[in-house]
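Lettering follows sequence order; numbering is per chain, from 1.
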There are 4 protein chains.
Amino acid sequence: MIIQLDLESDIPIYRQLVNQIIEGIATGLLNPGEQLPSVRSLAADLGINLHTVNKAYTHLKQEGFLQIHRQKGALIQPHSMPQADTPFKHKLMAEVRPLAAEAICRGMNEDAFIAACRAAYSSIHHNKGGTTP
Amino acid sequence: MIIQLDLESDIPIYRQLVNQIIEGIATGLLNPGEQLPSVRSLAADLGINLHTVNKAYTHLKQEGFLQIHRQKGALIQPHSMPQADTPFKHKLMAEVRPLAAEAICRGMNEDAFIAACRAAYSSIHHNKGGTTP
Amino acid sequence: MIIQLDLESDIPIYRQLVNQIIEGIATGLLNPGEQLPSVRSLAADLGINLHTVNKAYTHLKQEGFLQIHRQKGALIQPHSMPQADTPFKHKLMAEVRPLAAEAICRGMNEDAFIAACRAAYSSIHHNKGGTTP
Amino acid sequence: MIIQLDLESDIPIYRQLVNQIIEGIATGLLNPGEQLPSVRSLAADLGINLHTVNKAYTHLKQEGFLQIHRQKGALIQPHSMPQADTPFKHKLMAEVRPLAAEAICRGMNEDAFIAACRAAYSSIHHNKGGTTP
DNA sequence: GTGGTCTAGACCACT
DNA sequence: GTGGTCTAGACCACG
């Protein structure tokens, strides 16, 4: 799986890493039980600090997307992916609200806004079933 | 208009302020041309520093949502709100994508995700036309 | 002479007033020895604070463009307009330099920059000889 | 690159900083991609507060002259400098006009005025290609 | 009284 | 060590 970082972005690198790994799981590029590169090698590949990779992995572990074994390294949660429980739904709403508000101020009607959301969802989900390179 | 800050949140206070003011405009609680409290009074009301309020106001001014008059204080942009131009649409997609990805991982299907987005949009837009308290 | 203020501008109102009066003199809309409206009436006409008008007049007096008589009010310097002495030339250079620098950064060549300066000069000077409304 | 501040000037310190950095880019003293001192070290060097430097850097970032990396610090925009678009040309005209008007009042003819503008442009541009000290 | 600027000192997130 | 954020207190320009 290819990870593309934007070092000039306002988004912290570890956050970009988290997002892309989650996206990888969502698209099926990363499958449950699959091995992830070690902190060291991934950091080397991406040319970033190994603390940064570590922070991303830790974050993903706390969210339940990863398991971290001391020797075997990290692997995608093999059994039970985290669910869309109410806390997550609240978080989702809390993050979408400000976007919706700004969209409304800028004159986007509901259809246009929903179309954008649907496009975002589809652009990820349509890839599902892809092979693991 | 009532502003509710969460000082514990990891979202910067000035950002929360920005979001809530945009939301206020979107709902119609704040109308174009309407006066906003002075940085000092709002800071006092919210129990935060005036520089924090100032940062939020300045940010909103640069985005085109506010006008800042030298001594009349700040008011909601009376004429042309910023438009939903391509940069904004890109930003919107970029922020929705990771949310969609996580939703997919957590097993939300497209309908459920879209329903959440629509709920967020509606919860703001339905208030439109409300009186100015 | 018509004065057009932009209350939303970053430029202080008194400064806009100063600039427009100087421009009026430059175009010949205001002639040496001519009477200016009283502080009170001008302030009323423009809908601004009378301190603001007063500040503009005082500023122009210090620069030598106006005479202020206690009873007769203000009039355009009848005899010797200030000259383009070295202090002024220094000031002029000091204000043009940053503009030139930014223009260079933005890829304007010398001709384009000079053309803009010449256009600014001409747009004022060409009006010269106009009647005093 | 040497920065010279006038703490007595009525031009805000952060503005002087902005201007001098833009001038540095224009002269070629600062080259695209080049590293700038950290806010802390520059503030220490200049004997001013780090927030003042930060304000200048942030301003330049928003204008597109700088990139700010989270911990690499600031560097001159490596790729595409901002362009001389119409907004900039309008701003340029708006700032040159009052200068031209005063020059006319003071009896400078067009040639003299243009000569001054050309001198300002040349004094910056002629240094172009200089080495980076 | 309003925002604009500057200073000072602190804590945190990021790498 | 870097920038980002927040607080606090001060002075000034503006109107």
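A donor-acceptor contact under 3.5 Å links the side chain of R40(B) to the base of dG3(E). For H51(D) against dG4(F), a side-chain-to-base donor-acceptor contact under 3.5 Å is absent. Checked by distance alone, H69(B) brings no side-chain donor or acceptor within 3.5 Å of a matching partner on the base of dG15(F).
Across all strands shown, the partner of dT2(E) is dA13(F), judged by Watson-Crick or G-U wobble contacts whose two distances both fall under 3.5 Å. Using the Watson-Crick or G-U wobble rule with both distances under 3.5 Å, dA8(E) pairs with dT7(F).
Rounding to whole angstrom units, CD of residue Q16(B) and P of dT5(F) are separated by 13 Å. Residue L75(B) contributes atom CG, which lies 13 Å from atom C1' of dT2(E) at whole-angstrom precision. Distance, Q35(B) CD to dT2(E) P: 10 Å, rounded to whole Å. For the pair L17(B) CG and dT7(F) P, the interatomic distance rounds to 11 Å; values are reported in whole Å. In this entry the distance linking CG of L5(D) with P of dC6(E) reads 10 Å, nearest Å. If you measure from atom CD1 of I68(B) to atom C1' of dG1(E), you get 16 Å, rounded to the nearest angstrom. Rounded to an integer number of Å, the gap from CZ of R70(B) to P of dC12(F) is 18 Å. Between the CG atom of L42(A) and the C1' atom of dT15(E) there is a distance of 15 Å, given to the nearest Å.
The residue among S38(D) and L50(B) whose nearest nucleotide of DNA chain F lies closer to the 5′ end is S38(D). DNA chain E is contacted by both G73(B) and L7(D); G73(B) maps to the nucleotide lying nearer its 5′ end (nearest heavy atom per residue). Nearer to the 5' terminus of DNA chain F, by closest-nucleotide assignment, is the contact made by N54(D) (compared with the other of I48(C) and N54(D)). Where I11(D) and V39(B) meet DNA chain E, the nucleotide closest to each residue was compared, and V39(B) sits on the side nearer the 5' end.
With respect to R106(C) and E63(D), a salt bridge is recorded, a charged nitrogen being found less than 4.0 Å from a carboxylate O.
In this structure, N49(B) reaches the bases: a heavy-atom distance under 4.0 Å links it to at least one base atom across the strands shown. In this structure, Y57(B) reaches neither bases nor backbone, as no heavy-atom distance under 4.0 Å exists between it and the strands shown.
Distances shorter than 4.0 Å separate none of the side-chain N or O atoms of Y14(A) from OP1 or OP2 on dA13(E). Taking side-chain N and O atoms only, K55(B) has no distance below 4.0 Å to OP1 or OP2 of dC6(F). In this model, the phosphate group of dC14(F) is not approached by any side-chain N or O of T52(C) to a distance below 4.0 Å at OP1 or OP2.
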message = As a quick check of understanding, evaluate side chain to side chain contact (heavy atoms under 4.5 Å, CB included) for M1(D) and L30(D), giving each step before the final call.
response = CA-CA 8 Å; M1(D) 178 188 169; L30(D) 297 172; 3.5 Å; yes

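N31(B) contributes no side-chain N or O that, together with a main-chain N or O of E34(B), makes up a donor-acceptor pair within less than 3.5 Å. The backbone N or O of L5(A) lies less than 3.5 Å from no partner atom in the side chain of Q20(A), so there is not a single donor-acceptor pair.
With rounding to the nearest 0.5 angstrom, the CZ atom of R97(D) is 4.0 Å from the CD atom of E23(C).
Side chain to side chain, Q62(D) and Q62(B) meet the donor-acceptor criterion of an N or O pair below 3.5 Å.
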